[in-house]
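Numbered from 1 within each chain, the chains take letters A, B, ... in sequence-line order.
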Amino acid sequence: MRETVPPTHERHKRRTPISAHGEPAVWVTAGALVLCLALILGLLVVIVWRGGSTFVVRPIQEVTLDDGTVFLGLPLESEDARDDADGGERRRYRVGNRDLGQNSFRWVNDADVASVEAPEDAAMVERREWGVFLGRIERVLIVRNMRYGPDDRRVADGERVTTDFGPATVVEVEAEGLEDGGARVREQLVLGAGQPDAREVFERVHPIVLERRAAIERLNSHRVPMLQERLARLEWKRRGIERRVTTEDDGPALPAWAWTVTLLATAVTGVGALRIWRMVPRGGAARGLRALGAAAGVAFAVGLLGVVTEHPWSGDSISPDRAAALIADIDERSAELSSELGRVLDEINTRRDRLERVRVEIVEPTGGRFSPLSVSEPDAPMAVAGVVRVVHANELGVLGKLRVYLARWWEFLSERPRANGAEGGVLPVIMGTVTLTLLLTIAVVPLGVVSALYLREYARQGLVTSLIRIAINNLAGVPSIVYGMFGLGFFCYGLGGWVDAGPVDASPRGFWWGMIGLTAVIVLGGVVSVMFAARRPGRRATVVNRVAGAAAWVFWLSAAGLAVFLIANTPYFDGWFTEKLPERPTFGGRGILWASLTLALLTLPVVIVATEEAISAVPNSIREGSIASGASRWQTIRRVVLPGALPGIMTGAILAMARGAGEVAPLMLVGAVNFTQASPVSLDAPFLHGDRTFMHLGFHIYNLGFQSPDSQATEPLVWTTTLLLVAIVVSLNLAAVSIRAKLRGKHGAAI
Amino acid sequence: MTHASGRRRTGRLVRVGDRAAGVVITLGGLAVLGSMLAICVFLFSSAAPLFQGGDAEPEPAVVTQVDRTPTSVVFDPTGAQAMLVAPSGHARVLDIDSGLMWGAVSLIAENASPRTVVVSPDTGDVSVGLEDGAFQAAGVRSSYALVADGDPPSAFASVEGDRADRFVRGARFADAAERAVAVEPAEGGVRVWEFAAERREPASLGEGLSGVAAIASRAVSSRERVTAAVLEDGRAFVASTRSVRRLDGRPGRERVSVTPLPIEVTPDRTTPGWVFLVGTSADVLMLWPDGWYERYAETEGDAWALAERDRAVEPGSWITAAAPALGGNAVLIGDDTGRVTSWRMTDGEDGAASRLTRSISVREGDSPVRSIGVGRRDRTVAVGFEDGSLVLENLTSGKRIAGWEGDGSAIVAAGVAPAVDAAVAVSENGMVRVWRLEPGHPEATWRSLFGRIPYEGYDEPTFVYQSTGSPGSEPKLSLTPLIWGTMKATIVAMLFAVPLAVLAAIYTSEFLHPSWRKTVKPTIELMASLPSVVLGFIAAILVAPYIAAWLPGVIMSMGVVPVAVLVGAGLWRMTPRGFRRRVPTAVLTALVILTILIGVGISSAVGGRVEALLFAADDGGASGLRGWLDSGAGSAWPGWFMAMIPPAAAVVLAAWWWLAVSKWNAFCDGLTPFGAGIAQLVLLAAQVIAALTLAAGAAGALTAIGLDPRDSIFGPFSQRNTLVVGVVMGVAVIPIIFTIADDALVAVPKSLRFASTGCGATAWQTATRVVLPVAGSGIFSACMIGLGRAVGETMIVLMATGNTPEMSLNIFGGFRTLAANIAVELPEAPRGGTHYRVLFLCGLVLFLMTLVINTTAELVRQRFRKRNAAL
């Protein structure tokens, strides 16, 4: 062995040259990776930071300026002052009190500030309208307008009385004597005044008021729309009846004798077809006879269609008497409903008025102005019911701040938007997104799985499968906005219009029946060519077999095309929602159903690819074992292949959901709206309203960030919405990734 | 035998189920193909009608004989009626649906004798020139009263029996007394329309003048009208009519001031045949039948002067018809060869006098043009010929909408309905014919959708996209600016994304430890799932203001960061070999991060100073780069210098590569690591200096030639600009390119790598000489897929640009892409209209672009797979 090593070995061994390590270039590639990662992580950090900090409780500062003005504000970022020659800084404060004529934000140069304090009693009051108010709670009172008769006992000024909310001191504001000796008196019952007292009372009263308000709102947001919807439905129904009375019949149906003849002939052909089919043995040379049977079957189907559509008692119209009776019934019911609606509305109003009597005076430091009831009534203090939350930020500890922070998050997730989306929550937006995503999953998963099964288990790999693969690849690359256009044009206007009003220009009946006949012939051709396409057992395919096989494709495809044409142009369908047209299309406009179908099409490639991967990962040996045990193809698929592929299918479904939840561009065209009162899911039958528009997180971001009148004020909430959306999408993706990882672990590196 | 009998037959249900599943699954598989086809077919079928012509009925729907042959036809805004005005000053209203004539109203004061009657096509106002040298304005006004009667009032006799059903559907009736009255059923009764002439008092141009041969009138403000009149003897006047509003509400008086035009009157000169007021300044344009025109413009102090004089038609031809185009900026001139040309005012460039130029030739026929009717809402004209034929054409696109052969009797008046669904022609023999048609989409032709069109108000043919405008404005539908914007955004994004993603993929697959790769790859893939609306929001709220505030630093860092990394690599080379081997990847990565941070720090610290050095404030205006960009002042050199650095660096690198790389490597290999590191740094410094010098020289040369980069690649700065979109859209496509490129690199068979390293190659040598060539087509396909994604990206572009469809190279300017255009405009486009279909054409173009890109990617990928399978 020693001899084989050449003695010059040591001399020949060369050091690797320095240039071979490609050092600078490797560093550049590493730099590229680092930059990519930095961009991504930076983005995520920014989203989490800005989105998560929206609800952080900030200290309230009382800033006294050199010119003597005092204001309360939440300090935000500072930067170099633009108009300060000394190069000082300036700070941005969030100031509320917009109804007192202030902006949402205020820049203050540090040089102008005399003193900054953090008073413990300063409160940040979140209101239902006009946003935040910064001030101090000075008084809690009940304002009521009383009308006393001449003999009624009137409360005296300064008297202590008991109210629903505890003891109160009476302060009479105005009394106006009436002619009958009585008086109309505006009374204030002060529940608590002064700093510690007023606050205690407020903290006791506020939850009670909110509870009552919630009860009223429940009535208002559930009962009222439901009644209105029912009334509207009755109105549509009435219009439908009226239309059917006034429109004339579409013309005579078949004369009775012709119809009877057709019925008899159909029955005879049906029986004949059945007999022939049963008589003929499977296989063998009796192809001609079986073709005859098939022809009889097709004739039977056409005849049946004719008998059903052209029955002599056809016609849409109803007799005027019957219509009058129906309309009277509808009128009665709608009168009942209207009166009930009126009662409910009255009750809501009464209860609201009573609740609105409970007021709170929240006073601003400068000028002693308080948060007004409304902009038009600046002298009346605001209602307690208008207060969402009071935060005494400066006296809260860490735990208290955390509690407020979490409470705000909860509000964000569980409430409707307020103030054009600048405040409040995104519950309907989440609901819309979730409904859309679920609908799209329901639509896309079966279709995707079926397509993948076809590609992997049924199709012979050849021209058709490669065409389908190209189609899938291209579908994956088509811009989402193009799907939106397709959805708008095809689903909303085309399919939806058909559902609403039937075919735009229906074929004349004669032509239509002619086309039915043609279709029947083509179907028959398909049946016959399928018979000839089957090769004899144990023989090689003959030319006849091949030609017939190709012809069968042509026949079936053209029959499918004709069937679509026949359905699209049927003269026997006038639409299901004609009575609402043209002013209120039902399915003929944008809606969540069409939006989810559009997104289903968009996400179809994702599901197909994932499912195909999973199916191909199921080992062939298992399949063969199943077939060998006598299971049919479908049984094998259902009991063996699909269960094995389930994690993969789930991965695909989750990825589709993630894509669907994040996609905005097509939704702008097919149904997402800035705001809708009528949610697509409701307690009203049919519970899921496919025709309704919806709100969507992604569109909400676009909308709030770019279409909002006060985009500066909405920006924090947009960040939070962004965080929510990103969290949903990222967690869906992480779920998919982990399922896929598990799948890989199970099946090895096959996928 | 026993064998066979022991075999159980498959159950019927199982067989049927198997069959059914087969059918359903096959159908489902084909449905995917079907949906692809459906999208294709649907987009095509929605956009295709744009390119089809109109559908005109060959026979007139209405033929009526009138006694006083009208010479003007003008439709009312609804298109339901047309007013026919005869030279005698009588107007009749023609109902287009029924063909009924509703009596006559006289537009002229009783004792006046008209000489010329002209109707303005866009307002329907009538100007009458009288025999005694006076002029008068008039109009037909309609009013209605509601008559509470469900049945046709007996006063209005029903016309013919077969038209009786029209009443139900809302048609009109002439009343028995032939007054200009119409009846229409309305809610709770019938609406009775009455048409009446609204005559102004005649205003005299002066004492003792001859008859007015031609007249034109135009409102220049709500209170003032200008009228130009040419007398029979050739003299011409301009009269300005100001209405004086009275406080008590009574009809106001009108004050007329008349200015004569300095027109030469010689005995051998014929009288002008037509007079028009053209352009925004309402110049007076006179046309002579022999083909000459003269334009008079107002100078200071109410005086008028001859502005230009030229021929409007070829010598030997005669002008046979003329009409003002909609909007008054252009005049249509028809000659005896059957050609109609459009002439419009062009603002002269660089302060030169404005001129009248011929913009388009409408149609050439062999019969002389007799009449030109102008559409009321769009740029459609109806041209009537001497041989009685009538042609409808769109002025903007030049598309011929319809044409009808004549009966030999010349057409003296032609009109086209506002919606272009009807055309009216009046023959010399008093025959009035109305044709109905489906106009299709007159504004859309291949040229108007993709080419340059000489729009009104533009000096030369341009690409413009401006789908919506004020009523009466010319729709400008060129998709070229949108395609341009799409390309621009995509290219900038790809310039940013491709190097980063591909280099990162190379590092990940070739040099990164596999355990790191396991976390890095999913992290970047996670990025692919970030909704684009989020990226768009961040682009607009964070990135755009940041880039605007730190522009010099951002631009500088693009050059400084790579250099800093290279310096880091040089320093790293200086360390002893043994030390380098022992350092873990994490430390190395940290070092790379450090160099990047140093690069960023240097550029943000120095950026401002470099900016001050290059773009010093000039004459007290805006300073710095932004000022330089926006003002357009200052030397062009710094901009060229900035722009020339990347190509100069590329040239220097390429030169070094071709000329000296092997010698250099050989030289380095002879050195110690420390020496090689030093050499590396020296080389880098030399390269940087060379690149900067080259860039400076090139910039000097370009500036000397007189080129300014602000005319092309730079321009005014807008906050939401191409650079922002490029960066953010780049971030959006990086993960896609990265993932696919990484997969392609990893898919290179292990055996190849082993063989390479077994021969003693380093990881770098293996990567560049073995892996990259094999995976090249896969990486290309990755880039194509990224490109396809960038082309169709909507939300980022929508939110991070101003969406102005401008066509410039300016990387600091905005643009509008096809996708953003669809998103912005489709929700408002009425279904089935031209705009709607043009948007579908946008979608189709987008679809085809991505189809080509994706198919290329797919073909390349298949080739790659095949080759890999062979390896």
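Looking at B:Leu851, both its backbone and its side chain come within 4.5 Å of chain A, counting heavy atoms on both sides. Contacts between A:Arg638 and chain B at a heavy-atom distance below 4.5 Å are absent for every atom of the residue. Heavy-atom distances place both the backbone and the side chain of B:Ile39 under 4.5 Å from chain A. No part of B:Leu844 comes within reach of chain A, as not one of its non-hydrogen atoms sits under 4.5 angstrom from that chain. Both the backbone and the side chain of B:Ile524 come within less than 4.5 Å of a heavy atom of chain A. Contact annotation for A:Val46: only side-chain heavy atoms (C-beta onward) come within less than 4.5 Å of a heavy atom of chain B. Contacts of B:Arg769 with chain A are absent, with no heavy-atom separation under 4.5 Å from either backbone or side chain. Residue contact with chain B, scored on non-hydrogen atoms closer than 4.5 Å, involves the backbone and the side chain of A:Tyr702 alike. At a 4.5 Å heavy-atom cutoff, the contact between A:Leu669 and chain B is made by side-chain atoms alone. With a 4.5 angstrom heavy-atom cutoff, B:Ala819 touches chain A via backbone and side-chain atoms both. Looking at B:Ala38, both its backbone and its side chain come within 4.5 Å of chain A, counting heavy atoms on both sides. Contact of B:Pro827 with chain A is made through backbone and side chain together, with heavy-atom distances under 4.5 Å. Contact annotation for A:Leu601: only side-chain heavy atoms (C-beta onward) come within less than 4.5 Å of a heavy atom of chain B. No part of B:Ile785 comes within reach of chain A, as not one of its non-hydrogen atoms sits under 4.5 angstrom from that chain. Heavy atoms of A:Leu475 lying under 4.5 Å from chain B belong to its backbone as well as its side chain. Looking at A:Ala658, neither its backbone nor its side chain comes within 4.5 Å of chain B, counting heavy atoms on both sides. Neither the backbone nor the side chain of A:Leu655 comes within less than 4.5 Å of any heavy atom in chain B. Interface remark: B:Leu512 contributes side-chain atoms only to the contact with chain A (heavy atom separation under 4.5 Å). Using a 4.5 Å cut-off between heavy atoms, B:Leu37 does not touch chain A at all. Contact annotation for B:Phe840: both backbone and side-chain heavy atoms come within less than 4.5 Å of a heavy atom of chain A. Heavy-atom distances place the side chain of A:Arg50, and not its backbone, under 4.5 Å from chain B. Looking at B:Leu684, neither its backbone nor its side chain comes within 4.5 Å of chain A, counting heavy atoms on both sides. Interface remark: B:Thr595 contributes side-chain atoms only to the contact with chain A (heavy atom separation under 4.5 Å). A:Ile468 touches chain B through backbone and side chain together, each having a heavy atom under 4.5 Å away. Contact annotation for A:Tyr483: only side-chain heavy atoms (C-beta onward) come within less than 4.5 Å of a heavy atom of chain B. Proximity to chain B is limited to the side chain of A:Leu41, based on heavy atoms less than 4.5 angstrom apart.
Among A:Ile40, A:Val730, A:Val664, A:Val34, the residue making the largest number of heavy-atom pairs under 4.5 Å with chain B is A:Ile40. Counting heavy-atom pairs under 4.5 Å between each of A:Leu734, A:Val737, A:Val718 and chain B puts A:Val718 at the top. Between chain B and the residues A:Asn474, A:Thr722, A:Val482, A:Asn473, the largest count of heavy-atom pairs under 4.5 Å involves A:Asn474. With respect to chain A, the highest number of heavy-atom pairs below 4.5 Å among B:Thr523, B:Thr794, B:Leu591 belongs to B:Thr794. Top candidate by heavy-atom pairs under 4.5 Å with chain A, chosen from B:Leu826, B:Leu530, B:Leu566, is B:Leu826. The greatest number of non-hydrogen atom pairs below 4.5 Å with chain B, out of A:Gly489, A:Gly31, A:Gly698, is found for A:Gly489. Interface summary for chain B: among A:Met485, A:Gln635, A:Glu715, A:Arg590, the most heavy-atom pairs under 4.5 angstrom belong to A:Met485. Looking only at heavy-atom pairs under 4.5 Å with chain B, the residue among A:Leu453, A:Val26, A:Leu455, A:Ile701 that has the most is A:Val26. Ranked by heavy-atom pairs shorter than 4.5 Å toward chain A, the options B:Glu510, B:Arg831, B:Glu858 are led by B:Arg831. For the set B:Phe738, B:Trp664, B:Phe511, the count of heavy-atom pairs under 4.5 angstrom toward chain A peaks at B:Phe511. Options B:Pro562, B:Gly568, B:Gly536, B:Gly34 differ in how many heavy-atom pairs under 4.5 Å they form with chain A, and the most are formed by B:Gly568. With chain A as the partner, the residue from B:Ile538, B:Ile734, B:Val731, B:Val561 showing the most heavy-atom pairs under 4.5 Å is B:Ile538.
B:Thr855 contributes atom OG1, which lies 10.0 Å from atom CG of B:Leu848 (distance to the nearest 0.5 angstrom). Taking CE of B:Met527 as the start and CG of A:Leu44 as the end, the distance is 7.0 Å to the nearest 0.5 Å. Put simply, OG1 on B:Thr850 and CG on B:Leu787 are 10.0 Å apart, with the number rounded to the nearest 0.5 Å. The CZ atom of A:Phe486 lies 15.0 Å from the CD1 atom of A:Ile481; values are rounded to the nearest 0.5 Å. In this structure, OG1 on A:Thr465 lies 10.0 Å from CZ on A:Arg460, to the nearest 0.5 angstrom.
Residues A:Ser480 and B:Met795 have side chains not in contact (no heavy-atom distance under 4.5 Å, counting atoms from C-beta outward). Using a 4.5 Å heavy-atom cutoff, the side chains of B:Trp572 and B:Leu588 are in contact. Two residues are said to be in side-chain contact when any heavy atoms from C-beta on lie closer than 4.5 Å; B:Met849 and B:Thr486 meet this criterion. In this structure, the side chains of B:Val520 and A:Leu37 come closer than 4.5 Å at one or more pairs of heavy atoms. A:Leu43 places a side-chain heavy atom less than 4.5 Å from the side chain of B:Leu535.
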Q | Worked verdict on B:Asp742 versus B:Thr508 for side chain to side chain donor-acceptor pair (under 3.5 Å) | A | CA-CA 7 Å; B:Asp742 182 73; B:Thr508 315; 4.8 Å; no
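A:Tyr458 carries A:Arg633 over the face of its six-membered ring, with the cationic atom under 6.0 Å from the centre and within 45° of the normal.
Side chain of B:Arg837 to backbone of B:Ser46: a donor-acceptor contact under 3.5 angstrom is found. The backbone N or O of A:Ala661 sits less than 3.5 Å from a side-chain atom of A:His696, completing a donor-acceptor pair. For the pair A:Asn733 (side chain) and A:Val729 (backbone), a donor-acceptor distance under 3.5 Å is present. A donor-acceptor distance shorter than 3.5 angstrom exists from the side chain of B:Asp18 to the backbone of A:Trp634, with no hydrogens or angles considered.
The shortest non-hydrogen separation linking A:Ala727 to A:Ser731 is O-OG, 2.6 Å. Scanning both residues, B:Val24 and A:Val450, for their nearest heavy atoms gives O-CG1, 3.8 Å.
Sequence neighbours left out, not one pair with a member in residues 724-733 of chain A passes salt bridge (Lys or Arg N to Asp or Glu O under 4.0 Å).
Between A:Glu663 and A:Arg659 there is a salt bridge, since a side-chain N of the basic residue sits under 4.0 Å from a carboxylate O of the acidic one.
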